[in-house]
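Data first, discussion second: the structure below is written as structure tokens.
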Protein chains: 2
Amino acid sequence: MQLPSALLEQAVSEFSKLPGIGRKTALRLVLHLLKQDTEKVEQFTEAVIRMRKETHLCQRCFNIADQQLCSICSDMHRKQDLICVVENIRDVIAIENTQQFSGTYHVLGGVISPLDGVGPDQLQIDRLLRRTVEEPVAELIFALSPTIQGDTTIYYIQKKLQPTTIRFTTIARGIAFGGELEYADEMTLARSLQHRMPVEQLRM
Amino acid sequence: MQLPSALLEQAVSEFSKLPGIGRKTALRLVLHLLKQDTEKVEQFTEAVIRMRKETHLCQRCFNIADQQLCSICSDMHRKQDLICVVENIRDVIAIENTQQFSGTYHVLGGVISPLDGVGPDQLQIDRLLRRTVEEPVAELIFALSPTIQGDTTIYYIQKKLQPTTIRFTTIARGIAFGGELEYADEMTLARSLQHRMPVEQLRM
């Protein structure tokens, strides 16, 4: 797709670098911006550049933060001794949106995956271990991907913390709400049989 | 969806203003930018703001241009007396990509549509009429939407130009390549029967 303007071409090529945005979509977005007032476009680019330059990672949990501590860590109404361990910031946002969790988080930045070259040192595991020493921690809830890499990461952290009085839990695994049994994989189905629960809990 | 950072929220809200981008997609794009180096993000925002500030409309055909005249109007290898009349810049790009057209364009900025409050004065029709006086024009090819509004616009321009020696044509209407007859609307089907063409032309 040849464009009649080099500046248009540059903007389209920058937009196409974003995930899931092809050249056609990029062109639609750029032509939309072209029709807006200059101030509107400046507002857009300033919001993007400020987000990149002025946010940083929370010094305690590595969630995104406007201050030194993120809004969750600095909220004293939340249970500070309950830490939910997640892979990335998107997971924090997803769990926050359930409005069911009132503890704090720890963002690892991924899971241990030797094949992808990700070892414990590339993740914020050391900082998590240090938190368990510096802060009183009652429970670690692992909300990691239900994969071998996720399970390995749980196992590694748990082992590093032994002996301890900290309770280790993981979010429940089973058939998703609205999911169909026949399409569930065998591993999920087998585990959901193994970890069957009293029917009464469905109403909780 | 609540976000843990006001700056993140602002960037997501700006991205969600783009057409076809919901909050979830916006968040994915913003988190992608957050992971990039600051220079990469600056490169992105600068390309966008330069595109908005430094491009303008071609003084002759109203296509997007980096100079006073667009790259098509200033290309002297193109037939200057053959003008393809289109609604918007996207149409120029679409036709250019067929590599079948070697004339110039005139971008109207829309079609006459009284119900949407678009009259001839909101469009670049006067400038097109002036072009037919100032430049030698042999043919106007109308490549407008095949709608009542598009047809009205063709009729209006043609009428304004009478009497004239200019040839008026419109791009062919019919069943799209790969389209299925049974799903074509009656109007299209009726017209494609009416304007049937010798089979030999299929091979041209």
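Values in this document were obtained by computation on a predicted structure and should not be read as measured data. Note on naming: letters A, B, ... go to the chains in the order of the sequence lines (proteins, then strands), and numbering restarts at 1 for each one.
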Exercise for the section: Sort out for me which of A:Cys58, A:Ser13, A:Ala11 touches chain B most, counting heavy-atom pairs under 4.5 Å. Expected result: A:Ala11

Handout entry: Top contributor to chain B contacts, counting heavy-atom pairs under 4.5 Å, from A:Leu33, A:Leu34, A:Ile89
Key = A:Leu34

Problem - Pairing of A:Arg130 and A:Glu135 as salt bridge, 4.0 angstrom limit - result: no

Exercise for the section: Could you tell me whether A:Arg52 and B:Glu42 have a side-chain N and a carboxylate O separated by less than 4.0 Å? Expected result: no

Problem - Test item: B:Thr55 side-chain N/O and B:Met51 main-chain N/O as donor-acceptor pair under 3.5 Å - result: yes

Practice task
Please answer whether the main-chain N or O of A:Arg60 pairs with a side-chain N or O of A:Gln68 as donor and acceptor at a distance below 3.5 Å.
Solution key: no

Pairs of heavy atoms under 4.5 Å with chain A: top-ranked of [options]:
options: B:Arg28, B:Glu54, B:Glu96, B:Gln10; value: B:Arg28
options: B:Gln43, B:Gln67, B:Lys35, B:Gln99; value: B:Gln43
options: B:Ser71, B:Ala47, B:Ala65, B:Pro19; value: B:Pro19
options: B:Ala6, B:Gly20, B:Ala94; value: B:Ala6

Fill in the blank from the handout: So, the part of A:Leu31 with a heavy atom under 4.5 Å from chain B: the answer is side chain

Practice task
Working to the nearest 0.5 Å, report the span between CD1 of B:Ile112 and CG of B:Asp121.
Solution key: 9.5 Å

Handout entry: Interatomic distance, A:Thr104 atom OG1 to A:Leu82 atom CG [nearest 0.5 angstrom]
Key = 7.0 Å

Practice task
Could you tell me whether B:Phe15 and A:Phe44 have their ring centroids closer than 6.0 angstrom?
Solution key: yes

[X], part contacting chain A, at a heavy-atom distance under 4.5 Å:
X: B:Ile64; result: both
X: B:Asp37; result: backbone
X: B:Glu46; result: neither

